[in-house]
*Asks:* 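Quick one: structure below, then a few questions.
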Amino acid sequence: MDFLLELFQRLRDRLRRESLSRELEEEVRFHTSLLERDARAAGVPEDAVRRAASGRLGNPTRYREESRDMWSLGAVDEWIQDLHYALRSIRSTPSFSIVVTLTLALGIGATTAIYTVVDNVLLRPLPYHAPEGLVQLVDVQPGGNHTPASFQEYVAWKQRSGAALSDVAAMFNTGQVLQTADGAQQIQGAGVSVNLPAMLGVHPLLGRRFRADEESPSAPRVVMLGEDIWRTRFGADPAIIGRTVVLTGQPYTVIGVLPAIASTRMPTPYAWSRRLPDFWRPLRLDDKASPAGLHWLNVIARLDPGVDLAAARTRLAAMTAGIQHDLATDHSLDVVPLSDTLLGNYRAPLRLLLAAVAVLLLIACINTANLLLARGATRRREFAVRTALGAGRRRLLRLLLVESMLRALLGGVCGVGFAYVLVRALRAWLAGSIPRLADASIDGRVLLASLVITAGCGAAFGFLPALRAGRPEIVDDLRDGGRGATGGVSRDRVRRALIVTEVAFSFMLLATAGLLTRSLVNLLQVPMGFHTQNLVEGYTWLPSARYADSLSQKQFFDRVTQALGQIYKPSNVTVVSDLPIEGGTSGNVTVEGRTGSDAAPTAEKRIVGANYFSVMGARIVDGRGFASTDVIGSPPVVVINQTLAKKLFPTETAVGKRVAFGWGIDGYQTVAGVVADLREGALNAESLPAMYISAEQRPNASMHFLVRTNAPVATVTATFRDVLRRLDPTIPLVEARTMDGVVRDNVQQPRLTMILLAAFAATALLLAAIGLYGVISYSVAQRTQELGVRAALGALPRDLMRLVVGQAFGLAAVGIAVGLLGALGAHGLIASQLFGVGAGDPLTLGIAAATMIGVAGVACLSPMRRAASSDPLEALRAQ
Amino acid sequence: MAMAPKRDFLPGTLDMLILKTLSAGPLHGYGIALHIRDWSREVLQIDEGSLYPALQRMRQKGWITAAWKLTPNKQRARYYTLTARGQEQLGIEEASFAELFGAIRRVMRSV
């Protein structure tokens, strides 16, 4: 208790230190004056009075210091003083401090941001209940192609897989038009097996899940609404359960509300990068609604507890044989972990990014180390002076420790801020294309880890120079020619090794960025087979309730093309069921008269307007395109593309042959012509075989209409909406895009990887430049005398510059050589991301090397000039 | 003024002497030094400046308080006053000193 009071008093005194000191002085003055009076009274001669008085008082420094000690907090005061010195030191070298802070911030920020992305997208478990047991059931065609499942397959799998799977569910994406008093709105949701909510672990916010009897097509229509829709369109009405809503003209009873959580997203790649679903409804399928041969369902399952993937595969193989016999199909079944399906595409690029950012972090640490070591070397004199004035070794170490920690802290804080900004930017930019990114938040552990690494590095290397302080060599350091002492040489070697490493890593990043850029360019140069510019598309689909038959569907889209043709000219307007590049319906193609499994390859099927090929600018290479004679009632014809023609008829012409598509179209059609491939399917895959059917002969309920025009997208979109509204106000325009935009979307992932890697490479280059500059300038400063002597002996400025440049390029060259080895060694990491270019591509590596040399050149410009202006007189002076 | 050689004090003794001096009434630094010098008949000689750190310490411990007042000669001086706790402390120190002194005396008389 007493101790606390004393401490409190001490604290108060500490704050009043200055005034207490003044009071002490006044007290002493008073005391001295009385002592002097006594001395005079005792007869001491005047000139000895003062000495007598002060002799009585004793050593003034001693009692002053001892009093002052009472008013200080001991160690704390010393720390505060160190802090003060550290701040002053940091402020007095602004550009150095800024560079160090930025370097640390970049390292910490970039690493945290990228790791956050990787963690959220790849590492976190799927949001569903017990996700490790969830698998995707895939229909495998004889050629190895994966396709969606058919309804019949789903039923068979569900019935027969009890030995391996405890639960099987199917789902498909679907849209509906929600009609309420406020108007019509397009909503997106899914048709699901009734057991799916339980399988995924989704508990309704209100109401209940589906019942087993609600899955059949004859059951009354029920729906679970999403929380968002419930709040925005129904005002979060608690009495929503039991209400009837009208979806696309049909009444549905609302039986539950889905919570707005991640596990309500369908486990398909498509659904994962979209917003949460607006509704779920039961499958309600039968053989009529989903005939055999129609492959469109996504099927997932849960493994039996205790059964692992390999065991499941074996057990299901037996089931497959039975199904193949009973359904007269040659498709088999594969089981894939759900996480592979959803995230598999992202593993390779994200791993690459992670490696790249780790390299960046390393470069940042090396740079920081280099800068701090160099600075430490230039402060040798300062430390010598401090030591000479009485600073103990420990005090000096502590001083430097505080300074390093402060710098590290500064860099760390900036790094944290930068990480937040970067993650938010990445989220905003990529959330639409990379799944799970929208909910990404910074992982505290990662932040802490990168903070500790970088800041720790900063602290360590700032601190190292102090270890030399306090040694006998201070005499040398104090001398004017102080640079003579060389922990110099070995320290220099360390610094040069660090710089070489830095250059090597930068080169690797640069080379990788270059390779990715070339891949992207190659992707974009893949021949499309049609003109992509000035092409705007709009999309809508017709609800089967009011457009049940082909005639009404055809009439609708005919009217759309007619209306658009009046504005943009009929020769610029056409329709297609699925856009090129994006992929769409596919199935088997059989040739009349042929049998055998390899005689029925898969092909894309597209329903197109009669003038499709001319509007798109595709070339007919054999036979003809669609003519005005190809209408309903006349013999059905198709146009196939060159890839399909080569596959089916490698040695003869395809024109005149009879082919049939696996489902939907009964009977065989005649091939009327062959068209040069329009790219159907992704750019980085092979061109897919495709079959085109005229919309005149086979109308479709969902179509994209395409217009070739120079008009801006907004205008064209407005026109689309207008046309649709005039024809049928309940049919909304679902989307409108440019074809160029579609192409861009298709290369979204490689483009993003490239941009990020380019950003890393640029940062690394900047850091390497700073590092090189630091090392070279330091070396020039060290060699001032030597350069002066050379100048005195007749060396021209040119020769001196050559010395400097030679050193810089020497370091860069060694760095590039090491980097080359590294780049070639790491090619396994990057190979999967490359398209059309090898990991050892000489052109790219050559450009990267040249860039590195260029950067080295720029970095040594200023030191070069300094060396060239070496004044022999200056150098020969003691300084 | 011939000065007798200064002696080292037993640690803590100075505090006790100051407290005892102040028990008679408030005094300033010079006054305390004078009192000790006079009453010890010049035997106890201290660096008078070393009073001040001791006074600071005792003030922090709450044994004395300090206040600026005017001397009889109208000069400003800082007067120190004993507190109740200081009184208590004085009692403790006196007792402890007496015990020590008694012990030494017994040993010196033992032979």
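Proteins come first, then strands; the chains are lettered A, B, ... in the order of their sequence lines, and each starts at number 1.
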*Asks:* Looking at A/E27, A/E6, A/R64, which one has more heavy-atom pairs under 4.5 Å with chain B than the rest?
*Replies:* A/E27
*Asks:* Among residues 60-68 of chain B, which residues come closer than 4.5 Å to chain A, judged by heavy atom distances?
*Replies:* B/Q60, B/K61, B/W68
*Asks:* Show me the pairs that pass ring pair (Phe, Tyr, Trp, His ring centres under 6.0 Å) and involve residues 73-96 of chain B, at least two apart or across chains.
*Replies:* B/H28-B/Y79
*Asks:* Could you look at A/S33 and say if it's the side chain, the backbone, both or neither that has a heavy atom under 4.5 Å from chain B?
*Replies:* side chain
*Asks:* More than 12 non-hydrogen atoms from neighbouring residues, nucleotides or ligands closer than 6.0 Å to CZ on A/R51, yes or no?
*Replies:* no
*Asks:* Can you establish whether the number of heavy atoms outside A/Y85 located under 6.0 Å from its atom OH is more than 12?
*Replies:* no
*Asks:* Among A/R10, A/R62, A/R12, who wins on heavy-atom pairs under 4.5 Å with chain B?
*Replies:* A/R10
*Asks:* Rounded to the nearest 0.5 Å, how far does CG of A/L34 lie from CG of B/L34?
*Replies:* 9.0 Å
*Asks:* If you measure from CG on B/N73 to CZ on A/R37, what distance do you get to the nearest 0.5 Å?
*Replies:* 7.0 Å
*Asks:* Taking side chain as everything from C-beta outward and backbone as N, CA, C, O, which of these in A/E23 sits under 4.5 Å from a heavy atom of chain B? Side chain, backbone, both or neither.
*Replies:* both
*Asks:* Got more than 12 heavy atoms from elsewhere within 6.0 Å of CZ, A/R50?
*Replies:* no
*Asks:* Chain B heavy atoms under 4.5 Å from A/L7: which part of the residue, side chain, backbone, both or neither?
*Replies:* neither
*Asks:* Write out all pairs satisfying ring pair (Phe, Tyr, Trp, His ring centres under 6.0 Å) with one or both partners inside residues 64-83 of chain A, taking only residues at least two apart or from two chains.
*Replies:* none
*Asks:* For chain A, find which of B/R57, B/R85, B/R59 contributes the most heavy-atom pairs closer than 4.5 angstrom.
*Replies:* B/R59
*Asks:* Could you grab the distance from atom CD of B/Q75 to atom CZ of A/R29, nearest 0.5 Å is fine?
*Replies:* 11.5 Å
*Asks:* How would you list all residue pairs meeting ring pair (Phe, Tyr, Trp, His ring centres under 6.0 Å) that involve residues 39-69 of chain A, not counting sequence neighbours?
*Replies:* none
*Asks:* About how many Å separate OG1 of A/T32 and OH of B/Y30, when rounded to the nearest 0.5 Å?
*Replies:* 11.5 Å
*Asks:* What closest approach, in Å, do B/R76 and A/F30 show between heavy atoms, and which atom pair accounts for it?
*Replies:* O-CD1, 3.8 Å
